[in-house]
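Residue numbering restarts at 1 for every chain, and letters A, B, ... go by the order of the sequence lines. Source: prediction; values computed, not measured.
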Amino acid sequence: MAVTKNSKSSRIVNDFSITVGTVNGSGSSTANNTILRALFKMGIPVSGKNLFPSNIQGLPTWYTIRVNKLGFVARRDEREIIIAMNPNSFARDLADVQPGGAFFYADDIKQPITRDDITVYPMPIKQLIREQNDLPANLRDLVSNMIYVGVLAQMIGIDLEMIRSALTFHFKGKEKPITLNYDAVVAGAEWARANLEKKDPYYVEPMDKTHGMIMADGNTAGAIGSIYGGLQFTAWYPITPASSLAESLNEYLPMLRKREDGKHTYAVLQAEDELAAIGMTIGAAWSGLRSMTSTSGPGLSLMTEFMGLAYYAEVPVVVWDVQRIGPSTGLPTRTSQGDLSFSAFMGHGDTQQVILLPGGVDECFEFGWKSLDIAERLQTPVLVLSDLDMGMNQWMSKPFEYPETPLDRGKVLWEKDLEELKGNWGRYLDVDDDGITYRTFPGNKHPLAAYFLRGTGHDEYAKYSEEVPVWLRNMDRLKKKYETAKKYVPAPVVRNMRGATIGIIAYGSTESAVDEARYLLDKENGIKADFLRVRALPFNKDVKKFIEKHDVTFVVDMNRDGQMHQLLTLEYPASATKLVSVAYGDGMPASAKWVREGILAQYKKPTAAKAAAAKKVVKAKAASKSAKTAAKKPVKKAAPKKSAKK
Amino acid sequence: MTDILPMAGANVQVNAVGLSKNDYRGNPSTLCQGCGHNSISNQIISALYEMNIQPDSVAKFSGIGCSSKSPTYFLNRSFGFNGLHGRMPSVATGGLFGDHTIKGIGVSGDGDTASIGMGQFKHAVRRNVDMVYIVENNGVYGLTKGQFSATAEVGLSLKKQGVNQYLPIDICMEAIASNATFVARSFAGNPKQVKELLKAALAHNGIAVLDIISPCVTFNNQENAVHSYTWGKDHEAPLHEISFVPARQEILLEADMQDGEIREVELHDGSTIVLKNLDKDYNPTHRWEALKMLEEAQRENWLITGLIYVEPSKPSLTDTYNLVDTPLNRLTDEDLRPTRESIDKINAMMF
Ligand SMILES: Cc1ncc(C[n+]2csc(CCOP(=O)(O)OP(=O)(O)O)c2C)c(N)n1
Ligand code: SF4
Ligand SMILES: [Mg+2]
């Protein structure tokens, strides 16, 4: 932050961003991951984001790493260090460096250096790689990325031992690639030590803030979570940014569900399109399997008719939507929260869908298994809305926690149960008065087990019906079931700040940006904000309470239209005037800057009377609390950040 | 596990698994009287009864259309899934994973399969899903009141639709081109052949495509269609109100057809189709010969009936997945959730 205020000699430690500009397809991901991993192993809170084009080879792509000692790891708009490896983005990269920042570049790029307010470090990458004698010619381009890793490590102080251990992890202990890559890192570092004079202020120093944490992307986490949820069937169709979720199933299922007889307890099938993917997944769910599919915007649109069927015929299917920015094909490799309204009512006719909104990688894991439980408990589709930033980028997170509750298969009747009931059951008979009925699976041998599932009007016994009372009864029951859903979906997370005068509601991947924005609003603007993170639809009463409690609540959306704001306004019309939309969608991961600026732009200072009242309340509360808690543990700190917590 | 309750009365005839024909029936049909689809339902009932197949070991699938309604009219004791227009193949593909011992019986129409569902149809065929895939082919969209389907012959004229401009799609050819392992054609008015082919199809491991010509008494009948349209309109009745359709006789072949025999059959509207039974020495195991024969028949304007192609030894879709013996939908938590110890290993892999 505020580099220009500092003299150049003052050190800025563990609080800046590093951006690497490369050509898409040049194989820089190993190099960038190595930097990220080494920093993580040094105990520094860190995140890594790939900002890439919809292209396989040739277009510019950036990888940005943020280190932050306080644990704020959302994308940072300011770019303190840029490493320019791509002639096509050179001028832009040069222009993007923060005043006072550092600019490393491959010296074979012969372009004018037009700035004197930054430190510039040329790197003889080509020359150094030629000097790597053991390196086969075909690996030169790939390994040459390791040279900048070495130069950077030397200049900002990344421990080379940590780099070696990062490479060892990456290459799963295979000596040859580890050595080839490490030698190039060392060559870069040695050259830099001998030839470059440190002039920029950026340093990393070891901390202990990543101990016990993991680093993962949301797609991997969601896939593994689903496996712990007993996933049995997935049909999917490739689409960025969702593909790696299904591909992770292929990677981890054989490992985690290995059996001695070599047989399989699951099936993963690549379908011919998303219509077929959702059709197969719904078919499998009807047949009694824990079933999930994963997709992104265009695929989700194709699934609409089937989602209406699953809602109406009550088939428990889980759909992960790893959102990218639309409408239409949009920007296929850019992130968004733009599918929320569409998902909420997905399907024609009166449809209400259950939606889960994971806010971090650990929650992707948790909602991986929970979504299957909830779907089967409620016998309805469950959409899990993640996004590209959460799904494909590397996030620091608490470790995955083993589920403490057994699989919830919901209300299922097998032969024995039907015998006890003397065959007296109806597929859509609401015997428990919670809107949720009982189901049976194909293969059930009781002569009265079978029913014919249909998307056409049906009565309590799944028989075709066009009778008006039957239709109304069924639709009312579905509504009741949606009410029941509130009991089963994850409640929102609320974090209050003492003396807060405003509320902020957000969801999904924007949490770390919002946390940081709250910290800055408090520190720099003197505005204190309570925070509620919505984790599911339908909303439960905590959301209502939160809105009612605050004079004004800012609703943060990473889309143009403020879709969460729309849904909240619909749900709580009486509070509509208290809700202010902070909506922005440009495809980039959320940053604290836009959240904060978005709030400030619409922030109205409370009147003097109100401010005084707020202060009084705080005082009163503090007094009563200190009395109450004197004997107990200290009051829980209103921690502004979650990511730094252990 | 529960014993099968004997449902048959004292004097009712039962098959080898102790079930009467009633145990294979469905609800009364609400299709037009004389509709070819009804006759196919009856043959499905007979074939399963005669083959002593337990109703719980098959599952019914269909899309949307008059044809797709028909699974309501057979096998009430079997599970079923009436899905979306053209999407029966995907539902069946996933739906047969729950219990791999179950055989699928899918019923679709020519619109459902050869227009909106062509993609899913061909992919289900390619994957060799373990099911009998019946197309009740009437050359029109019955349920939406008589539009051309993709199997309608060129030059056919229908009230309100004009003259069909396009060459028809041959479902058998499409199936063979997509590597089907069993392809047959029949005519709803030839119940004996329909039943025999159904039995062969049920015995086949993998997908068995049955293209059954099944005349629509209501809309492939020009005079009558006019009548029923005007009738329906004047009375503002629901469009598929069947009581407006005068009961018609189902078209049945008068005598069995012999191998190689060619026979002209008159349809309700007075038009004719020409059926040709496959020759006695026709070898249905040769893909290329099968296509050649269909091509020849097309030129002659014959509808070839019989078993056109079979490849009995290919594994079905679920075979290729090497699934555990217990049906997947009967597995327990221990089978499905990885151990508690494994989570540490996984966390250690995350960076
Ligand atoms: C997505 C969708 N589009 C259109 C329809 C309307 N529709 C219902 S049945 C049908 C055609 C049925 O024709 P076919 O499959 O040949 O069955 P038939 O009634 O002739 O047996 C159509 C177009 C629909 N149900 N769904
Ligand atoms: S409209 Fe045609 S296809 Fe539909 S039930 Fe009547 S006769 Fe059969
Ligand atoms: Mg038809």
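- Of the two parts of A/Ser291, neither the backbone nor the side chain holds a non-hydrogen atom closer than 4.5 Å to a non-hydrogen atom of chain B.
- Among the candidates B/Leu323, B/Thr93, B/Asn76, the residue making the largest number of heavy-atom pairs closer than 4.5 Å to chain A is B/Leu323.
- Side-chain atoms of B/Tyr321 do not come within 3.5 Å of backbone N or O of A/Lys263 as any donor-acceptor pair.
- Within the 4.5 angstrom heavy-atom criterion, atoms from both the backbone and the side chain of A/Phe441 approach chain B.
- The choice from B/Ala124, B/Gly95, B/Gly80, B/Gly98 that makes the most heavy-atom pairs within less than 4.5 Å of chain A is B/Gly80.
- Residues B/Thr72 and A/Arg454 are in side-chain contact: their nearest non-hydrogen atoms beyond the backbone lie under 4.5 Å apart.
- Ring planes of B/Phe79 and A/Tyr451: perpendicular class, angle over 60° (limits at 30 and 60°).
- Side-chain contact between B/Asn27 and A/Lys463: present, with at least one pair of heavy atoms (C-beta onward) separated by less than 4.5 Å.
- For A/Ala267, the parts sitting under 4.5 Å from any heavy atom of chain B are the backbone and the side chain alike.
- A heavy-atom distance below 4.5 Å is not found between the side chains of B/Asp325 and A/Asp261.
- You'll find the ring centres of A/Trp286 and B/Phe61 inside the 6.0 Å limit.
- Shown here is A/Gln270, whose CD atom has more than 12 heavy atoms of other residues, nucleotides or ligands within 6.0 Å.
- For a residue to count as touching a neighbouring chain, one of its non-hydrogen atoms must lie under 4.5 Å from one of that chain's; by this rule B/Ala92 does not touch chain A.
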request  = Using the side chain to side chain contact (heavy atoms under 4.5 Å, CB included) rule, take A/Met255 and B/Met349 through it: C-alpha gap first, then chi angles, then the decisive distance, then the call.
outcome  = CA-CA 12 Å; A/Met255 182 194 309; B/Met349 290 171 79; 3.8 Å; yes
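- Looking at B/Ile102, the atoms closer than 4.5 Å to chain A (heavy atoms on both sides) all sit in the side chain, from C-beta outward.
- Residue with the most contacts toward chain B among A/Ile227, A/Asn33, A/Leu418, A/Thr281: A/Ile227 (heavy-atom pairs, distance under 4.5 Å).
- Note that CG of B/Asp99 is 8.5 Å distant from OG of A/Ser287, once rounded to the nearest 0.5 Å.
- Listed in order of number, the residues of residues 308-315 of chain A that approach chain B to under 4.5 Å between heavy atoms are A/Leu309.
- The CG atom of B/Asp56 sits 8.5 Å away from the CD atom of A/Glu415 when rounded to the nearest 0.5 Å.
- Here B/Arg330 contributes atom CZ and A/Trp414 contributes atom CH2; the two are 4.0 Å apart, rounded to the nearest 0.5 Å.
- Interface summary for chain B: among A/Arg409, A/Lys258, A/Glu401, A/Met280, the most heavy-atom pairs under 4.5 angstrom belong to A/Met280.
- With a 4.5 Å cut-off on non-hydrogen atoms, A/Phe40 touches chain B through its side chain but not through its backbone.
- For A/Asn444, the parts lying near chain B are the backbone and the side chain together; criterion is any non-hydrogen pair under 4.5 Å.
- The backbone N or O of B/Leu328 lies less than 3.5 Å from a partner atom in the side chain of A/Gln232, making a donor-acceptor pair.
- Applying a 4.5 Å heavy-atom cutoff, the residues of residues 332-342 of chain B that approach chain A are B/Asp333, B/Asp335, B/Leu336, B/Arg337, B/Pro338, B/Thr339, B/Arg340, B/Ser342.
- Atoms CG and CZ, from B/Leu331 and A/Arg257 in turn, are 8.0 Å apart once rounded to the nearest 0.5 Å.
- Across B/Pro71, B/Ser62, B/Gly86, B/Ser57, the residue that shares the most heavy-atom pairs under 4.5 angstrom with chain A is B/Pro71.
- Most heavy-atom pairs under 4.5 Å with chain B, from the set A/His170, A/Glu305, A/Gln394: that is A/Glu305.
- Annotation: maximal heavy-atom pairing with chain B below 4.5 Å, among A/Phe306, A/Tyr228, A/Phe400, occurs at A/Tyr228.
- Between B/Met350 and A/Ile224, the closest side-chain pair of non-hydrogen atoms falls below 4.5 Å.
- Only the backbone of A/Val268 comes within contact range of chain B, judged by heavy atoms closer than 4.5 Å.
- Between chain B and the options A/Phe365, A/Tyr266, A/Tyr252, the largest number of non-hydrogen pairs under 4.5 Å is found for A/Tyr252.
- Side-chain atoms of A/Glu272 and B/Arg127, non-hydrogen and from C-beta on, do get closer than 4.5 Å to each other.
- Minimum interatomic distance between B/Phe81 and A/Gly283 (heavy atoms only, all atoms of both residues): CE1-CA, 4.4 Å.
- Residues A/Arg259 and B/Val324 meet the side-chain proximity criterion, which asks for heavy atoms closer than 4.5 Å.
- Using a 4.5 Å cut-off between heavy atoms, A/Thr456 touches chain B through its side chain atoms alone.
- There is no contact between B/Ile64 and chain A, counting heavy-atom distances below 4.5 Å.
- With chain A as partner, the option from B/Gly94, B/Pro55, B/Ala59 having the largest number of non-hydrogen pairs under 4.5 angstrom is B/Gly94.
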request  = Assess whether side chain to side chain contact (heavy atoms under 4.5 Å, CB included) is satisfied between A/Leu256 and B/Ile346, documenting all intermediate values.
outcome  = CA-CA 9 Å; A/Leu256 287 168; B/Ile346 286 292; 3.9 Å; yes
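- Residues B/Phe97 and A/Leu269 meet the side-chain proximity criterion, which asks for heavy atoms closer than 4.5 Å.
- Heavy atoms closer than 4.5 Å to chain A are found nowhere in B/Met88, neither backbone nor side chain.
- Taking A/Ala166, A/Ala285, A/Ala221, A/Pro442 one by one and counting their heavy-atom pairs under 4.5 Å with chain B, the maximum is reached by A/Pro442.
- Taking every heavy atom of both residues into account, B/Ser90 and A/Leu275 meet most closely at OG-O, 4.2 Å.
- Looking at B/Asp344, there are no atoms closer than 4.5 Å to chain A (heavy atoms on both sides), in backbone or side chain.
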